[in-house]
Colleague: 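Below you'll find the structure I mean.
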Amino acid sequence: MRYVRVEVEGIPRWGVIQDGQVRTLRGDPYDGLLDYDGAVFPLADCALLPPCTPTKIVCVGKNYAEHAREMGGEPPGFPVLFLKGINTLNRPEGTVRAPGFVQRLDYEGELALVIRRRAKDVRAEDVAQYILGYTCLNDITARDVQRQDGQWTRGKSMDGFCPVGPWVSDEVDPGALELETRLNGAVVQRGNTGQFLTQIPQMLAFITASMTLEPGDVVATGTPAGIGPMAPGDVVEVEVKGIGTLRNFIL
Ligand code: MG
């Protein structure tokens, strides 16, 4: 199943993609009871929204060894968590405009997952029932601000710094997904989720030992090596093979 959120006459609606069409739902898909409202729209005509309704966006830093090293450190011995504010949420095809004082604006292509039911103290072997599916995410970062502040809140949580989408798929095996980030069409990051330092079952067990995840919450699983800067006019794409491509425009 591929779940999508679309804007219909200004109102957000969840839908399911089938044969290039979006069949919209009453309510959300989190409980698994898909209540179709009878409307059908061509996917190509739909304005897509982030396919999630988070109360929080939980991010894992340094989950690929090579990325940890390019950041100037050794791979951490446990998942390093941080949050991005809800103000960062951005849509597929959405625009990103950093404040004028930002000197270095980086892409970070990542696999993300969306939570389907409240999760607290989840055991690694039970995580599947808590996950609606998987999508692409760009953990956009004001790198100079992150370094200057010595912690990550401001550099990671500027408005629009978290594009998510284009849809959520439950049809992929998250243990071995190829991920690619492209800047103006050129490949700048390539990774495979098989390289994760912490795999998703252990990641969700670790997170939910400390914080309750709610339906619609997002977990970003970390970026591979190859981070780099973007400039106004750039087009950035995060593709996870088997899911789709998330494209955004830097203003
Ligand atoms: Mg990241």
Side-chain angles (χ1 to χ4, degrees), residues 52 57-84 106-115 122-128 130-141 143 146 152 155-156 161-183 185-210 213 217-230 236-248:
C52 51
I57 301 166
V58 183
C59 303
V60 180
K62 301 179 183 172
N63 199 27
Y64 290 81
E66 266 185 74
H67 170 62
R69 292 195 188 96
E70 79 178 344
M71 294 296 286
E74 282 303 302
F78 56 90
V80 177
L81 302 186
F82 64 95
L83 296 174
K84 285 172 89 84
D106 279 8
Y107 52 79
E108 290 190 7
E110 307 196 8
L111 174 74
L113 61 89
V114 177
I115 295 295
V122 172
R123 296 183 306 176
E125 59 265 39
D126 295 333
V127 300
Y130 294 90
I131 298 172
L132 180 68
Y134 302 89
T135 190
C136 315
L137 183 148
N138 194 339
D139 174 19
I140 295 178
T141 303
R143 194 70 64 197
Q146 181 191 26
W152 302 5
K156 293 280 193 182
F161 272 23
C162 193
V164 183
W167 41 71
V168 170
S169 171
D170 64 5
E171 297 168 348
V172 293
D173 169 10
L177 289 174
E178 282 180 44
L179 182 151
E180 191 171 282
T181 306
R182 294 183 292 271
L183 191 64
V187 177
V188 287
Q189 286 187 296
R190 217 174 243 147
N192 187 298
T193 60
Q195 303 163 333
F196 280 174
L197 295 172
T198 303
Q199 287 290 337
I200 284 168
Q202 290 73 28
M203 187 186 294
L204 284 192
F206 182 85
I207 293 169
T208 64
S210 299
L213 296 176
D217 279 357
V218 172
V219 175
T221 60
T223 201
I227 57 163
M230 304 180 287
V236 62
E237 294 171 295
V238 178
E239 179 177 8
V240 177
K241 300 290 161 73
I243 299 178
T245 299
L246 170 68
R247 183 169 58 176
N248 293 95

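In this text, all values refer to a predicted model and were calculated from it rather than measured experimentally.
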Colleague: May I have the step-by-step check of side chain to side chain contact (heavy atoms under 4.5 Å, CB included) for Val58 and Asp217, ending in yes or no?
Modeller: CA-CA 8 Å; Val58 183; Asp217 279 357; 5.9 Å; no
Colleague: Provide the full list of ring-ring contact (aromatic ring centres under 6.0 Å, His included) pairs with a residue in residues 61-80, sequence neighbours left out, each pair given once.
Modeller: Tyr64-Phe196
Colleague: Would Tyr134 and Thr221 count as a side chain to side chain contact (heavy atoms under 4.5 Å, CB included) here? Give the steps.
Modeller: CA-CA 11 Å; Tyr134 302 89; Thr221 60; over 6 Å; no
Colleague: Using a 4.5 Å cut-off on heavy atoms from C-beta on, say whether the side chain of Thr198 contacts that of Val60.
Modeller: no
Colleague: Find out whether Val187 and Thr181 are in side-chain contact, i.e. whether some heavy atom of one side chain is under 4.5 Å from a heavy atom of the other.
Modeller: no
Colleague: Is it true that a side-chain atom of Lys156 and a backbone atom of Lys84 form a donor plus acceptor pair closer than 3.5 Å?
Modeller: no
Colleague: If you round to the nearest 0.5 Å, how far is OG of Ser169 from CG of Leu113?
Modeller: 12.5 Å
Colleague: Do you know the tightest heavy-atom contact between Pro224 and Gly109?
Modeller: CD-O, 3.4 Å
Colleague: Would you say the side chain of Val164 lies within less than 4.5 Å of the side chain of Val114, judging by non-hydrogen atoms?
Modeller: no
Colleague: Between the side chain of Asn138 and the main-chain N/O of Glu108, is any donor-acceptor distance below 3.5 Å?
Modeller: yes
Colleague: How far apart are the closest heavy atoms of Ala176 and Thr193, and which atoms are they?
Modeller: N-OG1, 3.2 Å
Colleague: Rounded at 0.5 Å granularity, tell me how far CG in Leu83 sits from SG in Cys59.
Modeller: 7.5 Å
Colleague: With rounding to the nearest 0.5 Å, note down the distance linking CD1 in Ile57 to CZ in Phe82.
Modeller: 10.0 Å
Colleague: Assess the residue pair Leu183 and Met230 against the criterion (side chain to side chain contact (heavy atoms under 4.5 Å, CB included)); give the C-alpha distance rounded to whole Å, side-chain angles, the decisive distance to 0.1 Å, and a yes or no.
Modeller: CA-CA 8 Å; Leu183 191 64; Met230 304 180 287; 3.9 Å; yes
Colleague: Does the side chain of Cys136 come within less than 4.5 Å of Thr245's, by heavy atoms?
Modeller: no
Colleague: Please tabulate, one pair per line, all N/O donor-acceptor pairs under 3.5 Å involving side-chain atoms of residues 237-244, not counting sequence neighbours.
Modeller:
| residue | atom | partner | partner atom | Å |
| --- | --- | --- | --- | --- |
| Glu237 | OE1 | Arg182 | NE | 3.3 |
| Glu239 | OE1 | Arg182 | NH1 | 2.8 |
| Glu239 | OE1 | Arg182 | NH2 | 3.2 |

Colleague: So, do Asp106 and Ile140 sit near enough that their side-chain heavy atoms are less than 4.5 Å apart?
Modeller: no
Colleague: Would you sort out whether Ile227 and Thr141 count as a side chain to side chain contact (heavy atoms under 4.5 Å, CB included), showing the intermediate values?
Modeller: CA-CA 10 Å; Ile227 57 163; Thr141 303; over 6 Å; no
Colleague: Taking C-beta and beyond as the side chain, do Leu204 and Val219 meet within less than 4.5 Å on heavy atoms?
Modeller: yes
Colleague: Quick check: closest heavy atoms across Thr135 and Trp167, and the distance to 0.1 Å?
Modeller: OG1-O, 2.7 Å
Colleague: Quick one: OG1 on Thr223 to CD on Gln189, what's the gap to the nearest 0.5 Å?
Modeller: 3.5 Å
Colleague: What heavy-atom pair brings Gly222 and Glu110 nearest, and what distance separates the two atoms?
Modeller: N-OE1, 2.9 Å
Colleague: So, for Pro76 and Ala68, which heavy atoms are closest and what is the spacing to 0.1 Å?
Modeller: CD-CB, 4.3 Å
Colleague: Looking only at heavy atoms, what is the nearest atom pair of Leu111 and Leu177, with distance?
Modeller: CD1-CD1, 3.8 Å
Colleague: Just so I know, are the side chains of Arg69 and Pro75 near enough to count as touching, which here means a heavy-atom distance under 4.5 Å?
Modeller: yes
Colleague: Just jot down the side-chain contact (heavy atoms from CB on, under 4.5 Å) partners of Ala225, sequence neighbours excluded, or say none.
Modeller: Glu66, Glu70
